[in-house]
Amino acid sequence: MAQPDGVKIGWWDLTTDEAHPDSPQFLPALVAAVARWKAARPPGGLTAVAPLDAVPGAASVADRPLTPAHPVPPPAPPALSAPDGAHVVPALAGNPWPAEDMPATGAAQPAIHTSEHSTAGPGARPWIDLAAHTPGAQAREQARTAREAAPVKTVVARLLGVHTEERAWRIGADGEVKVAAQFAKVVARDPRWRVLHAIPVGERGADIDHLVIGPGGIFTVNAKHHPGARIWVGGNTVLVNGHRQPYVRNSRHEAARAARLLTAVCGLPVPVEALVVTVRAEDVVLKQQPEGVSVVPRHQIARWLLRHRDIHTPEVLEAVYEAARRSTTWR
């Protein structure tokens, strides 16, 4: 779609009713043009191709199938299978799609998909596409904040090898990048697997390091980077160099929360398993895996995921991924 002066402002997917502006500044003009075009169409009409002059103020519209003036919500995907130990939340009653994600009717403005924060018109709720997030982004931002708050202390601590909050965040971010590299191997072997990184959850700065969605299961992943450390796991107890860590409890909570939020959006029970991946530890002793949580060294994680039997259909995986990539799912 272009303005009368020939400047391209983006395109509109008439199948999903989503805007794709070439730049965030063009979003209001794109929404307004399509809203005017919809208002001028006869109710219930279907056309295979949008006329080039159908949108006021636009030079061209890509040939895309149109949806009815009063579309219905997509059918709910088939039920998901829940592996042993996975967190499952019962499906919510009533409409399986939240109001803000329902397709628009008539000339009302639909929910807007944009990779930037937007100030779209009334009725539109923009969402950030988390698929664009890079591994360790949240942790690296925390490290930057700590470094800027105490720059001299940070430099001195690095020279003396002192462990600080800045170092913890920085090392954590590095660990997430290393784990993400292993997930990339999984996706290369089997493209049905998908991974999201650095998912912000709630309003208090929490995040999920990685969310892995694949035919063998759905996993929240905590990357634990302990260079040269000795890690011992015995049931619910995890020791790092002899010091007990709350990794099992935190991972269980994270998986349960993810299951609840994804279930709320998808409208069917979404089982989520908790996974802790150790990074660059000198030794990892697994005496007994915790209940409901799996602890796996980084160099074994790709093989560990790929050997899971298929329990989810492609339709289910697509539905969960589409819900998970929306920032609004996690708020």
K.L.:
Rounded to the nearest 0.5 Å, what separates atom CG in L196 from atom CZ in R325?
P.N.:
8.0 Å

K.L.:
Is there side-chain contact between V186 and V212, with at least one heavy-atom pair below 4.5 Å?
P.N.:
no

K.L.:
Could you pull out all residues at least two apart from E254 that satisfy side chain to side chain contact (heavy atoms under 4.5 Å, CB included)?
P.N.:
I208, T220, N222

K.L.:
Using the rule given for side chain to side chain contact (heavy atoms under 4.5 Å, CB included), can you reason through L211 versus W330, listing the C-alpha separation, both sets of side-chain angles and the distance that settles it, and then say yes or no?
P.N.:
CA-CA 12 Å; L211 182 72; W330 306 98; 4.0 Å; yes

K.L.:
So which heavy atom on T328 is nearest to which on P126, and how close?
P.N.:
CG2-O, 3.9 Å

K.L.:
Minimum heavy-atom separation for E176 and A139, please, with both atom names.
P.N.:
OE2-CB, 3.8 Å

K.L.:
Filter on salt bridge (Lys or Arg N to Asp or Glu O under 4.0 Å), then keep only pairs touching residues 205-214, sequence neighbours left out; what's left?
P.N.:
none

K.L.:
Taking the hydrophobic residues Ile, Leu, Val, Met, Phe, Trp and Tyr, and joining any pair whose side-chain heavy atoms are under 4.5 Å apart, which ones share a cluster with V177?
P.N.:
none

K.L.:
Could you report the tightest heavy-atom contact between G216 and W193, atom names first, then the distance?
P.N.:
N-CZ2, 3.6 Å

K.L.:
Quick one: do V277 and V187 end up in the same hydrophobic cluster if we chain Ile, Leu, Val, Met, Phe, Trp and Tyr together by side-chain heavy atoms under 4.5 Å apart?
P.N.:
yes

K.L.:
Tell me which pairs pass ring-ring contact (aromatic ring centres under 6.0 Å, His included) where either residue lies in residues 237-288, with sequence neighbours left out.
P.N.:
H226-Y247

K.L.:
Do the side chains of D310 and R192 get close enough for a salt bridge, i.e. N-O under 4.0 angstrom?
P.N.:
yes

K.L.:
Assigning hydrophobic clusters by single linkage (Ile, Leu, Val, Met, Phe, Trp, Tyr; side-chain heavy-atom cutoff under 4.5 Å), is Y321 placed with V270?
P.N.:
yes

K.L.:
Hey, does H312 have a side-chain heavy atom less than 4.5 Å from the side chain of I218?
P.N.:
yes

K.L.:
Taking the basic N atoms (NZ, or NE/NH1/NH2) and the acidic carboxylate oxygens, is any pair closer than 4.0 Å for E318 and R194?
P.N.:
yes

K.L.:
Please table the atom pairs, donor to acceptor, closer than 3.5 Å between any side-chain atom in residues 283-291 and protein atoms at least two apart or in another chain.
P.N.:
residue, atom, partner, partner atom, Å
D283, OD2, R230, NH2, 3.4
Q289, OE1, V295, N, 2.8
Q289, NE2, V295, O, 2.9

K.L.:
Let me have the donor-acceptor pairs involving side chains of residues 144-155, under 3.5 Å, with sequence neighbours excluded, atom names and distances please.
P.N.:
residue, atom, partner, partner atom, Å
R144, NE, E141, OE1, 3.2
R144, NE, E141, OE2, 3.4
R144, NH1, E148, OE1, 2.9
R144, NH1, E148, OE2, 2.7
R144, NH2, E141, OE2, 2.3
T145, OG1, E141, O, 3.0
R147, NH1, E166, OE2, 3.0
T154, OG1, A150, O, 2.8

K.L.:
If we only count heavy atoms from C-beta on, is the V272 to L262 side-chain gap below 4.5 Å?
P.N.:
yes

K.L.:
For F183 and H210, take the angle between the two ring planes, folded into 0 to 90°, and tell me which bin it lands in: parallel under 30, tilted 30 to 60, perpendicular over 60.
P.N.:
perpendicular

K.L.:
Compare every heavy atom of V293 with every heavy atom of R252, then report the nearest pair and how far apart it is.
P.N.:
CG-CG2, 3.5 Å

K.L.:
Can you list the steps and then say if W304 with S294 is a side chain to side chain contact (heavy atoms under 4.5 Å, CB included)?
P.N.:
CA-CA 10 Å; W304 186 87; S294 298; 3.6 Å; yes

K.L.:
Side-chain contact, heavy-atom cut-off 4.5 Å: I199 with Q138?
P.N.:
no

K.L.:
Between R257 and G202, which heavy-atom pair has the shortest distance, and what is it?
P.N.:
NH2-CA, 3.8 Å

K.L.:
Quick one: CG on L317 to CD on E322, what's the gap to the nearest 0.5 Å?
P.N.:
12.0 Å

K.L.:
Of all the heavy-atom pairs spanning I171 and P227, show the shortest one and how long it is.
P.N.:
CG2-CD, 4.2 Å

K.L.:
Dump the intermediate steps for side chain to side chain contact (heavy atoms under 4.5 Å, CB included) on T329 and L130, then the final yes or no.
P.N.:
CA-CA 10 Å; T329 296; L130 302 180; over 6 Å; no

K.L.:
Can you check whether A198's main-chain N or O pairs, donor with acceptor, with H133's side chain at less than 3.5 Å?
P.N.:
yes

K.L.:
Given side chains that start at C-beta, do those of V179 and P135 come closer than 4.5 Å, heavy atoms only?
P.N.:
no

K.L.:
Answer whether the closest heavy-atom distance between the side chains of I311 and P271 falls below 4.5 Å.
P.N.:
no

K.L.:
So, taking the atom named NZ in K185 and the one named CG in L306, what distance separates them when rounded to the nearest 0.5 Å?
P.N.:
11.5 Å

K.L.:
Quick one, I301 and V221 - any side-chain contact, counting heavy atoms below 4.5 Å?
P.N.:
no

K.L.:
So, T134 side chain and A137 main chain: donor-acceptor pair closer than 3.5 Å or not?
P.N.:
no

